[in-house]
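What's counted below: heavy atoms across the whole structure, side chains too, no hydrogens, waters or symmetry copies. Starting from 1, each residue takes its place in the sequence as its number.
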Amino acid sequence: MEKLAKQLGAIINAEYGIDVRPEILSSEHADFETNVAMRIAKQAGINPRVMGEKLVELLAKQDVKAEVAGPGFLNFTLVDSELVGSLNESAENHDAFYECDTYKDKVVVTEFSDPNPFKVLHVGHLYTSIVGDAISNLVEKAGGEVHRVNFGGDVGLHVAKTMWAIEKQLGGFEVDQLPSGEIAARMDWIAARYVEGTNAYEESEASKNEIVALNKAIYEVTATKDEESAMAKVYWQCRAWSYEYFDAFYARVGVEFEKYYPESVTAGLGLTTVREQIKDGGYEESDGAVIFRGEPYGLHTRVFINNNGLPTYEAKDVGLIFKKWDDYKFDKSVVITGADITEYMKVVLKSIEQFAPELALRTKHIVHGNVTLAGGVKMSSRKGNFLRAVDVLDMVGSEQQAVTGEPNEAVALGAAKYAFLKTKVEPGNLTFDVKESVSLQGDSGPYLQYSLARAKSILRKSGGVFDGAVELADNESLDEYERRLLLALLEWKDALGRAVDELAPHRVCTYLYKLAQKFSRFYENNKVAGGEKEQLRKKLVEGYINVLEEGLAVLGIPSVEKI
């Protein structure tokens, strides 16, 4: 497809002086099709159908077979020997044949998941962890040097609310009185304190004042690295438990972060940066606070330093972008969050643009909606009725065991990941259907894992693949199912390129599902072992295994030998 696009584009430019990149698509009527004749006909002053016929003539001179259809579509049919030659070329050097170098020599920081210490992980963290890792994999597949990082609030009102309730629960800040047991149980205990503190903050003015004062004291603990006071000991212990809990969760879902950025680390830098940029950098003082007025840019005004002199989330994000820059000197910083902070991030980046435009320009904010289970109930950690990330994984695991008869963590994880990744990452909400996610028949992770396992079994049973090149005999041709599978395999580079360009894992999912369907029809209609085409068909199966396994790896979905 890429070769045809370049070839046809060069012909159009040479003949008509029009610089265009034709879009070559799969076709039900031929191998590929394009509407480029209709796109350029008006500019060239030629009837679209006539333009198509002229392009067919020019392509024929370069041994490309095409014909005009309808008002000016060009349909391409590739020669069987050329297709088989591509199969041999891809088998000989798979990586070079399907290479994507969009991010070659580029440094990319991907920031995602972003859980807050002193809280448990909910289903939204599961979603963004899976999506963020897949986007990171896409950049790595395209040659980028990726640094996965994580940003979380270890200071702020949510911490103060939790610590206030802990003090009440224990009768004082007594680190020896903190609960023992498994880390998950400890985090559930901490989460319950957060709910208690939140309710007290909203219902009692006296409690609210105590929490506000405690909030300021916690900032002081992190700023001075106090590890001796009673409150500090409880704070650092609970924070350590939070990170231990995060590490265990990420290990379970197969996501590894290079660095955690706690807000306590970025707060000081953000505070200093904002103060330094008052007036000249676009920030201004207002009623004892420091703000950025977004209205001149079609945005809204936000507070960056409150009237207690403390940095808000906005200032901490300012500190974060500069901290990431100091650490990595990135070409691109990709930040993946929920859509609820879309307008917030616009203001933060616009404020940075006033004095560090290059950093704002290099930052890409990708947003997603909320995740709900089938039934559409939205959950809130503030109210304590949220669905934990581990609950979702456990539910999928139970359903997977019910379907296959035995537990398989790799299949359950593949089910969850694919279910989240097959839908475009966008602000709209995503409904997660547990039963649908583990289906072995539909558009699901287990279906693809099973298809891969079956293909590997076919090769094992047929004695493996011939190492050399394969070719068609003089009286042979590709049948419909061989041709469709081979064409689908050759589309992997284009599908991967589109996914990389858009940072869109769902495009990989769409491609792999269609590929697996074509493989299924190929296998249903062709005997692989035995017959004159045995080596060719085994080479096709090998090509399918290589592409499917690579695609699943991009999605972070493990391969399995059997289901």
Side-chain angles (χ1 to χ4, degrees), residues 1-9 21-28 30-36 76 78 83 86-87 89-91 93-104 130-131 133-144 366 414 417-426 442-445 447-449 451-452 455 482-522 540-557 559:
M1 296 167 82
E2 182 181 356
K3 181 180 176 182
L4 277 174
K6 289 180 179 178
Q7 199 169 2
L8 185 54
R21 179 174 175 79
E23 186 176 22
I24 310 295
L25 302 172
S26 299
S27 172
E28 293 299 320
D31 292 339
F32 304 112
E33 66 180 19
T34 181
N35 66 350
V36 70
F76 299 92
L78 303 185
L83 284 173
S86 295
L87 176 63
E89 187 179 347
S90 65
N93 194 336
H94 176 91
D95 291 341
F97 188 83
Y98 292 109
E99 183 183 18
C100 177
D101 61 358
T102 306
Y103 285 92
K104 185 178 181 181
I130 290 170
V131 167
D133 191 53
I135 288 175
S136 302
N137 291 339
L138 281 172
V139 176
E140 285 178 328
K141 193 65 185 171
I366 297 175
K417 287 191 173 186
Y418 189 88
F420 285 138
L421 294 172
K422 71 179 181 179
T423 302
K424 183 178 180 181
V425 181
E426 57 186 356
D443 185 11
S444 71
Y447 171 76
L448 295 180
Q449 289 172 307
S451 183
L452 178 60
E482 294 165 338
R483 171 175 279 271
R484 289 298 176 193
L485 176 57
L486 181 45
L487 285 168
L489 290 173
L490 298 180
E491 288 177 28
W492 170 229
K493 182 171 184 176
D494 184 70
L496 177 62
R498 286 171 181 266
V500 168
D501 290 345
E502 300 172 21
L503 297 181
H506 77 279
R507 289 201 174 276
V508 176
C509 294
T510 299
Y511 167 79
L512 293 181
Y513 178 53
K514 290 181 178 179
L515 176 67
Q517 289 179 307
K518 288 182 171 62
F519 175 77
S520 180
R521 286 191 285 270
F522 158 78
L540 272 171
V541 175
E542 178 192 42
Y544 174 70
I545 290 170
N546 290 339
V547 170
L548 180 54
E549 198 159 37
E550 183 175 28
L552 289 175
V554 168
L555 299 176
I557 294 176
S559 300

S.K.: Which atom pair, heavy atoms only, marks the closest approach of Pro505 to Ala134?
M.R.: CG-CB, 3.9 Å
S.K.: So, do Ile557 and Leu448 sit near enough that their side-chain heavy atoms are less than 4.5 Å apart?
M.R.: no
S.K.: Check step by step if side-chain contact (heavy atoms from CB on, under 4.5 Å) holds for Tyr98 and Leu490.
M.R.: CA-CA 8 Å; Tyr98 292 109; Leu490 298 180; 4.2 Å; yes
S.K.: Just how far is it from atom CD of Glu482 to atom CG of Leu87, taken to the nearest 0.5 Å?
M.R.: 10.5 Å
S.K.: Any side-chain to backbone donor/acceptor pair from Lys422 onto Asp443? Under 3.5 Å, distance only.
M.R.: yes
S.K.: Hey, is the main chain of Glu23 close enough, under 3.5 Å, to the side chain of Thr34 for a donor-acceptor pair?
M.R.: yes
S.K.: side-chain contact (heavy atoms from CB on, under 4.5 Å) for Glu550 and His94? Distances and angles first, verdict last.
M.R.: CA-CA 10 Å; Glu550 183 175 28; His94 176 91; 2.5 Å; yes
S.K.: Under 3.5 Å, side chain of Lys141 to main-chain N/O of Val554, donor-acceptor pair present?
M.R.: no
S.K.: Mind checking whether Leu548 and Phe519 have side chains closer than 4.5 Å, heavy atoms only?
M.R.: no
S.K.: What are the two closest non-hydrogen atoms of Ala455 and Val541, and how far apart are they?
M.R.: O-CG1, 3.6 Å
S.K.: Given Leu489 and Leu540, is the side-chain contact (heavy atoms from CB on, under 4.5 Å) satisfied, shown in steps?
M.R.: CA-CA 9 Å; Leu489 290 173; Leu540 272 171; 4.1 Å; yes
S.K.: Is there side-chain contact between Val139 and Leu503, with heavy atoms separated by less than 4.5 Å?
M.R.: yes
S.K.: Roughly how far, to the nearest 0.5 Å, is CD1 of Ile366 from CD1 of Ile135?
M.R.: 4.0 Å
S.K.: CG/Leu78 to CG/Leu83 distance, rounded to the nearest 0.5 angstrom?
M.R.: 5.0 Å
S.K.: Within a radius of less than 6.0 Å around NZ of Lys493, do more than 12 heavy atoms belonging to other residues, nucleotides or ligands occur?
M.R.: yes
S.K.: For Gly551 and Leu512, which heavy atoms make the closest approach, and how far apart are they?
M.R.: C-CD1, 3.6 Å
S.K.: Heavy-atom distance under 4.5 Å between the side chains of Arg498 and Asp501, does that happen here?
M.R.: no
S.K.: Between Ala91 and Glu542, what is the shortest heavy-atom contact and its length?
M.R.: CB-OE1, 4.1 Å
S.K.: Within the 4.5 Å heavy-atom criterion, are Tyr511 and Asp494 side-chain neighbours or not?
M.R.: no
S.K.: Applying side chain to side chain contact (heavy atoms under 4.5 Å, CB included), can you list everything that pairs with Glu99, at least two apart in sequence or on another chain?
M.R.: Asp101
S.K.: Please answer whether the main-chain N or O of Cys509 pairs with a side-chain N or O of Tyr418 as donor and acceptor at a distance below 3.5 Å.
M.R.: yes
S.K.: In Å, rounded to the nearest 0.5 Å, how long is the span from CZ of Arg521 to CG of Leu485?
M.R.: 10.5 Å
S.K.: Looking only at atom types and distance, does a side-chain atom of Ser451 sit under 3.5 Å from a main-chain N or O of Tyr447, one as donor and one as acceptor?
M.R.: no
S.K.: Search all heavy atoms of Glu491 against all heavy atoms of Phe32 and return the closest pair with its distance.
M.R.: OE2-CE2, 4.1 Å
S.K.: Apply side-chain contact (heavy atoms from CB on, under 4.5 Å) to the pair Leu555 and Lys417, showing each step before the final yes or no.
M.R.: CA-CA 8 Å; Leu555 299 176; Lys417 287 191 173 186; over 6 Å; no
S.K.: For the residue pair Ala30 and Arg484, what are the closest heavy atoms and their distance?
M.R.: O-NH1, 3.4 Å
S.K.: Between Leu421 and Val131, is there a side-chain heavy-atom distance shorter than 4.5 Å?
M.R.: yes
S.K.: With heavy-atom distances below 4.5 Å as the criterion, would you say the side chains of Glu89 and Asn93 are in contact?
M.R.: no
S.K.: Measuring from atom CD of Gln7 to atom CD1 of Ile24, what distance do you get when rounded to the nearest 0.5 angstrom?
M.R.: 10.0 Å
S.K.: Quick one, Trp492 and Leu515 - any side-chain contact, counting heavy atoms below 4.5 Å?
M.R.: no
S.K.: Is it the case that the side chain of Ser520 and the backbone of Ala516 share a donor-acceptor pair, with hydrogens and angles ignored and the cut-off at 3.5 Å?
M.R.: no
S.K.: Could you give the distance from CG (Leu25) to CG (Asp31), rounded to the nearest 0.5 Å?
M.R.: 13.5 Å
